[in-house]
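One structure is given below, encoded as structure tokens.
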Amino acid sequence: MQPSELIWMNGDFVAWEDAKVHVLTHGLHYGTGVFEGIRAYDTEQGTAIFRHLDHLDRLFKSAELYYMPIPYSRDELRAATHELIARNSLHACYIRPIAFRGYGHMGLFPLEAPVDVTIAVWSWGAYLGEEGKQHGIRAKVSSWRRISADSLIPHAKASGQYLNNVLAKIESHKAGYEEAILLDEQGHVCEGSGENVFVVRDGTIHTPPQTAGILDGINRKSVMEIAGDLGHPVVERDLARAELYLADEIFMTGTAAELVPVREVDDHAVGDGKPGPLTREVQSTFEDALHGRAERYRDWLDVVSVPTRAA
């Protein structure tokens, strides 16, 4: 991670090295926090945040699911993010807003602990690497199942829940793969450790439904719309594990990873072991949307309203 100059914390701009929380912060002990991963891109229109308001809406919905009233409005967080990017002289960056139960109360009943809000921005390349975006990655089906909706709330992007993803990610890494794919409690394909999954068979794109315990990915929705506009049908349905091995193409989407092809799952080559033509077509249009080159999707961009200082 390349540190920036400033972080926004509870309404103030704080030096990166001074952005600290107490060791008895409730969220540190119990995982009581919700967050978002967002990206801003350097476009012809200026620095632009991809689907910023959609991400902020999801942050507030996640907080509501965990009874965490965020003490700022969406407009306030949007304006703070714009100013933070400008103050840090960043033309493109990763953005991490997080709301968490802070210091002041311990124990499992959290409602008396304050809700703190922080926004950080920094330069961060593709999560699975540019090589992965170009040539595809190797994935492993994890032995760890995706958390059940009977136990937690998969639709919330909540801090403590990500221990599930961490276990899957470590397992896949130690086995020599770039990413993990988790199954749901029924044994159906769910998602990657940080991405949604798409499987192409006979010209149709298939992706797990909301009932499979997935996070409702914003890039997932974007890619589904793009694919439909390109004339490729997208079907949301349960997917058997074996369909990963029988797929013509597989790709994954997420804010950190963007869109990355999968060339191999559990040592089974996907198609001919290279990113397929449908994946490439959707990926190309998606990249155009991210970088402001696609007029059709220009309204997905939130152009930073505060001029970015010259680097």
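Just the heavy atoms: all of them, side chains too, but no hydrogens, waters or symmetry mates, feed the values below. Keep in mind it's a predicted model, so treat the numbers as computed, not measured.
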Kindly give the heavy-atom pair with the smallest separation between [X] and [Y], and that separation in Å.
X: Val262; Y: Ala139; answer: CG1-CB, 4.2 Å
X: Ala80; Y: Ile119; answer: CB-CD1, 4.1 Å
X: Val304; Y: Ile85; answer: CG2-CD1, 4.1 Å
X: Trp16; Y: Ser4; answer: CB-O, 3.1 Å
X: Ser159; Y: Val34; answer: OG-N, 3.9 Å
X: Leu215; Y: Glu191; answer: N-OE1, 3.0 Å

Hey, can you tell me if [X] and [Y] have their rings parallel, tilted or perpendicular (30° and 60° cut-offs)?
X: Tyr94; Y: Trp122; value: tilted
X: His82; Y: His52; value: parallel
X: His105; Y: Phe109; value: perpendicular
X: Tyr103; Y: His22; value: parallel

Check the side chains of [Y] and [X] for a donor-acceptor pair under 3.5 angstrom, ignoring hydrogens and angles.
X: His291; Y: Glu44; answer: no
X: Ser142; Y: Glu171; answer: yes
X: Ser172; Y: Glu178; answer: no
X: Glu249; Y: Thr279; answer: yes

Could you tell me whether Trp144 atom CH2 has more than 12 heavy atoms of other residues or ligands within 6.0 Å of it?
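No, because the 6.0 Å sphere around CH2 of Trp144 holds 12 heavy atoms or fewer from other groups.
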Are more than 12 heavy atoms, taken from residues, nucleotides or ligands other than Glu64, located less than 6.0 Å from that residue's CD atom?
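No, not enclosed.
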Under-4.0 Å salt bridge between [X] and [Y]:
X: Arg145; Y: Asp184; value: no
X: Glu36; Y: Arg51; value: no
X: Arg101; Y: Asp116; value: no
X: Asp266; Y: Lys140; value: no
X: Arg74; Y: Asp57; value: yes
X: Glu295; Y: Arg298; value: yes
X: Glu225; Y: Lys221; value: no
X: Glu179; Y: Arg138; value: no

Answer whether the closest heavy-atom distance between the side chains of Leu59 and Lys157 falls below 4.5 Å.
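A side-chain contact under 4.5 Å is absent here.
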If you define the side chain from C-beta out and look only at heavy atoms, does anything of Val141 sit under 4.5 Å from Leu244?
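Of all side-chain heavy-atom pairs linking Leu244 with Val141, at least one is under 4.5 Å.
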Between Ile214 and Asn196, is the side-chain contact (heavy atoms from CB on, under 4.5 Å) condition met? List the steps.
CA-CA 7 Å; Ile214 66 169; Asn196 294 112; 4.0 Å; yes
Between atom [atom1] of [X] and atom [atom2] of [Y], what is the distance when rounded to the nearest 0.5 Å?
X: Lys20; Y: Met9; atom1: NZ; atom2: CE; answer: 10.5 Å
X: Ser89; Y: Glu5; atom1: OG; atom2: CD; answer: 5.5 Å
X: Met106; Y: His26; atom1: CE; atom2: NE2; answer: 6.5 Å

Is it possible for you to say whether Tyr297 and Val282 belong to one hydrophobic cluster, with membership spreading through side-chain heavy-atom contacts below 4.5 Å?
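Yes, Tyr297 connects to Val282 through the hydrophobic network.
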Measure centre to centre between the rings of Phe35 and Tyr162, then say whether the value is under 6.0 Å.
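Yes; Tyr162 has its ring centre under 6.0 Å from that of Phe35.
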Any ring-ring contact (aromatic ring centres under 6.0 Å, His included) involving residues 169-199? Give me the pairs, sequence neighbours left out, ordered by first then second residue.
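Counting only pairs at least two positions apart or across chains, the ring-ring contact (aromatic ring centres under 6.0 Å, His included) contacts touching residues 169-199 are Phe198-Phe251.
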side-chain contact (heavy atoms from CB on, under 4.5 Å), that's the test. Do Tyr66 and Leu152 meet it? Break it down for me.
CA-CA 10 Å; Tyr66 276 99; Leu152 288 168; 3.6 Å; yes
The criterion is side chain to side chain donor-acceptor pair (under 3.5 Å); which residues satisfy it with Glu258, sequence neighbours excluded?
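Expected list: Tyr41, Lys133.
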Kindly indicate, with the supporting measurements, whether the criterion side chain to side chain donor-acceptor pair (under 3.5 Å) is fulfilled by Glu243 and His206.
CA-CA 10 Å; Glu243 292 188 78; His206 306 266; 5.9 Å; no
